[in-house]
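One structure below.
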Amino acid sequence: MPADDPRTIRLSDYQPYSHALDRVELTFKLHPTATRVLARLHLAPNPAARTGQDLRLDGEGLRLIACAVDGQAVQPSLDATGLTLAAALLPAGAFVLETEVEIAPEGNTALEGLYMSNGMYCTQCEAEGFRKITFYPDRPDVMARFHVRIESDLPVLLSNGNPVGQGVGWAEWDDPWPKPSYLFALVAGDLRAHPGQFTTMEGRDVGLNIWVRPGDEGRCAWGMQALKASMAWDEKVYGRAYDLDIFNIVAVDDFNMGAMENKGLNIFNSKAVLASPETATDDDFARVEAIIAHEYFHNWTGNRITCRDWFQLCLKEGLTVFRDQQFSGDLRSHAVKRIEDVLMLRARQFREDGGPLAHAVRPDSFVEINNFYTATVYEKGAEVIGMLKRLVGDADYARALDLYFDRHDGQAATIEDWLKVFEDTTGRDLSQFKRWYTEAGTPRVSVAEDWADGVYTLTLAQENPATPGQAQKGAKVIPVAVGLLNPNGDEVVPTTVLELTEAKQSFAFKGLASRPVASILRGFSAPVILERSVPAAERAFLLAHDTDPFNRWEAGRGLAKDVLARMIVDGAAPGADLLDGLARLAFDEALDPAFRALALRLPGEDDMAATLHAAGHVPDPARIYHARRALHLALAERLAAGLPELELACRVPGAFSPDAAAAGKRALRLAALGLLARLDDGATARAAYAAADNMTESFGSLAILLDIGAGQAELADFAVKWQGDRLVLDKWFAVQVAAAQPDNVADVVRRLTARPDFDWKNPNRFRAVIGALSGNHAGFHHASGEGYALLADWLIKLDPLNPQTASRMSTAFESWPRYDADRQAMMRGALQRIMATTGLSRDLSEMAGRMLA
Ligand code: PHE
Ligand code: ZN
């Protein structure tokens, strides 16, 4: 961010809040355009803060009706961001501050604070939305017990904690656990419950509900079973039980993010909780399971122990992502989950870390905190915890976590607190390790090998590239998991974790009979870029023999990237090493189908652009597009003889089940169908579409047909079938943009956005089309610049209504430095046009400014 932005907030400026807040009583009189919020705050001077301070409360867009201290009306001074009561107006000890404000949820299109979605009231308060509901110290280190009364004619009235009373037109809730305001939630609407029940290991009977709009009841069963599985897993693996008598989840159609962990009342984007075989793909099922788990796990990592300030966001997010990744791995396959997570990490986090938006896992300044819910904070934050676990071992990790929960329960903690529990548990000094939290950028690790007198020596060197605002960096602690294979494929040294702590270090392996083949960075043991040119034959050897499933996949990936790069840069033909290796793997029935499907997936276009850029080339999006398709065709031709049989073998008989084994088979079947479509003009995929009884196969075969320029009849059929189903229709919108040829993408987007059902104020629908535009690499980066201009137009249009979503989607421009001068100029031009827009939000102006800096 421009270091001189006057709006910048800094970690180094942290001060404890002037007052302590023990209890809050809120009354909501709901009305679409004139909701009244009455708040009683039980305050006292904070003994840990300077005495005699004024009382400052955050508040935005609130109409103040009344304000009183201990029952006496007072006149606070008001400004655009809050309210101040001079110390002179306040009693020396404890006091009660009462305010009444009026707000208009119906007109709230930003979807932050109290807003309406399809006639239902709901809230989103993280990070700083509570200040749009009432005057309050809206910061996570102020924790209070909430009592909430809701007055409304709507049938279902929900808030955090336990229900303590209800009557006609009202309900009251009490949350015994102190919490910061960002975890507050309220829902009111005509909702139906899908109920469930769970008894904790402590013997507490917990009532579970998934609340949905009438008509969606049939899409809750999967979410409910995922919730129960999450509750059981957190007890078993982390020893953490749920702590209220009720756990509610509500599905909302208009939501900026995936979901939110409000205490006892999680609110979900309906896309992240609703699933049925007819309407959700296997990927959707897996995502729903993971997000339910993520939000549930926050109850301990986030809610019981929260963040002192928003700079510590990774304290709850990195840890909770790590936990949900462990959970998904335990329930499904660790190998497949790891590959998927690394694909995501590289596509989103490495991209962020290598561009103008790079920031540390714990940033030390921001303008708008909503801009820091990033892949770096979440996914790299999770990787850092994975490294910590690898370094200290499983047993010490478990002991450190117990200490963390013990020591900090009920507190708002910091990364220093987190690292201290590991130091106290293990006696390690983690000051060097801490750089992972404070320094941005993806380390590059280079490898040199030496073989002499039966000693194999691996020399690892690390380089930590400069990032915006951080030129100089120290060496990181990098756990590099290594295994050695002998030339006949047997493992001679099992996985060993080398600790690289210096700029350059050598590790010797003695007593080997022959020169080994090294499998380096097994399991992707650190979020680094391994810089190593490996001969194709060695990659092919590892693709065939590596005992580490991640590195086995990685060998194929590296081979595919090398082959593709040569095809793109010098028009080379695809080599036999790759095609033969993939053929062996594709038809190896001893291997997990899900793993085979992943191995057959070619590197994406954006990935290739990044790879070429890193290797000193200027990527040409059109060439990448054509080369990748040529490789796909070559692979189809190489596998041709076995594809029909593979496609048949992967049909899953019987009723649909979303379990990992069945999903893996369907994924492999779709991979086979995609290859076959290159050879039979889509005949097999067309038959698969016609016969499909589940969304995975019907949508998967539709996408395959569109990708080869066919499928118009199926597309029309799909539209008729799913008319009016908002979640499925999002897929219909997205797939057309994703599958459009580069020259047509802008036209397709213009046609789709002109439709009456393109409800651009709904974030899911907006993302379906505009997100797919930036996801279509060759189309977005079309030489005409139309893709850039279209995205900028839509961001400028959305920003006044929903700055969060507009800002988030602007990251499509972060890759501008990779491309040629013309494209750079056009992308920067689009960003400058955004910057020049009057009334631009703080969110989007910070992002555009950082990308241009
Ligand atoms: N805290 C939420 C999560 O990670 C994400 C979120 C952030 C949702 C901000 C809404 C607003 O699960
Ligand atoms: Zn989270």
Side-chain angles (χ1 to χ4, degrees), residues 108 110-115 117 122-133 138-140 160 179-187 223 226-227 230 234 247 249-273 287-307 309-328 341 344 348-349 361 366 368-382 385 412 763-764 767 802-809 843:
N108 181 352
L111 314 182
E112 191 185 49
L114 177 67
Y115 65 95
S117 170
C122 63
T123 56
Q124 173 51 47
C125 294
E126 189 178 3
E128 299 180 331
F130 196 69
R131 62 189 63 187
K132 295 179 163 186
I133 293 176
D138 192 12
R139 43 186 288 168
N160 315 91
K179 67 168 175 291
S181 51
Y182 82 87
L183 292 172
F184 167 82
L186 174 151
V187 168
L227 174 59
S230 306
D234 212 15
F247 188 84
I249 289 177
V250 180
V252 179
D253 287 344
D254 297 282
F255 201 76
N256 282 331
M257 309 278 275
M260 179 63 211
E261 70 263 24
N262 316 299
K263 183 80 187 190
L265 179 52
N266 286 187
I267 297 184
F268 274 61
N269 185 328
S270 44
K271 176 189 168 70
V273 54
R287 205 171 311 118
V288 164
E289 182 179 85
I291 297 178
I292 295 252
H294 179 96
E295 305 311 331
Y296 175 74
F297 296 159
H298 267 315
N299 191 57
W300 275 95
T301 52
N303 302 3
R304 287 285 286 262
I305 303 179
T306 192
C307 303
D309 53 72
W310 290 118
F311 297 100
Q312 321 294 329
L313 182 57
C314 64
L315 180 74
K316 74 177 177 82
E317 295 304 346
L319 179 54
T320 305
V321 170
F322 181 71
R323 276 150 50 72
D324 84 55
Q325 291 175 345
Q326 286 184 300
F327 167 82
S328 296
D341 289 342
M344 237 270 274
R348 306 239 314 263
Q349 201 280 323
V361 171
F366 60 74
E368 170 53 65
I369 184 56
N370 282 329
N371 286 333
F372 285 83
Y373 287 78
T374 60
T376 297
V377 170
Y378 275 64
E379 273 77 30
K380 187 175 179 181
I385 292 172
N764 290 354
R767 260 192 301 265
N802 188 335
Q804 254 187 66
T805 292
S807 176
R808 195 153 263 276
M809 294 186 64
D843 308 56

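Counting starts at 1 for both ligands and their atoms, following the listed order.
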(request) Quick one: closest heavy-atom pair of Lys271 and Val288, and the distance? (result) O-CG2, 4.1 Å
(request) Write out the residue and atom name of the closest protein heavy atom to atom 5 (C) of ligand 1, then the distance separating them to 0.1 Å. (result) Tyr378 OH, 3.3 Å
(request) Just let me know how Lys316 lines up against ligand 1, side chain, backbone, both or neither, with a heavy-atom cut-off below 4.0 Å. (result) side chain
(message) Just to check, does Glu112 reach to within less than 4.0 Å of ligand 1 when the distance is taken from its heavy atoms?
(response) no
(request) Answer yes if the side chains of Glu126 and Tyr373 hold a donor-acceptor pair under 3.5 Å, and no otherwise. (result) yes
(message) Among all the protein's non-hydrogen atoms, which is closest to atom 12 (O) of ligand 1, and how far away is it?
(response) Glu295 OE2, 2.7 Å
(request) Could you pull out the atom name of the N/O/S atom in Glu317 that is nearest the Zn ion (ligand 2)? (result) OE1
(request) With heavy atoms under 4.0 Å as the rule, classify the contact between Glu126 and ligand 1 as side chain, backbone, both or neither. (result) both
(message) Residue-level breakdown please: for Ala127 versus ligand 1, do any non-hydrogen atoms fall below 4.0 Å on the side chain, on the backbone, on both, or on neither?
(response) neither
(request) Run the numbers for me: atoms of ligand 1, each under 4.0 Å from some heavy atom of Ala259, listed by number. (result) 2 (C), 3 (C), 5 (C), 6 (C), 8 (C), 12 (O)
(message) What protein heavy atom lies closest to atom 11 (C) of ligand 1? Include the residue and the distance to one decimal.
(response) Gln124 NE2, 3.2 Å
(request) Could you walk me through whether Phe366 and Phe311 pass ring pair (Phe, Tyr, Trp, His ring centres under 6.0 Å), step by step? (result) CA-CA 8 Å; Phe366 60 74; Phe311 297 100; 4.7 Å; yes
(request) Would you indicate which of Glu128, Glu317, His298, Met257 comes nearest to atom 6 (C) of ligand 1 when only heavy atoms are counted? (result) Met257
(request) Answer with yes or no whether the side chains of Asn262 and Asn160 bring together a donor and an acceptor at under 3.5 Å. (result) no
(request) Would you check if there is a donor-acceptor pair between the side chains of Ser117 and Asp253 at a distance under 3.5 Å? (result) no
(request) Could you check Thr123, Asn269, Leu183 and say which one makes a side chain to side chain contact (heavy atoms under 4.5 Å, CB included) with Met260? (result) Leu183
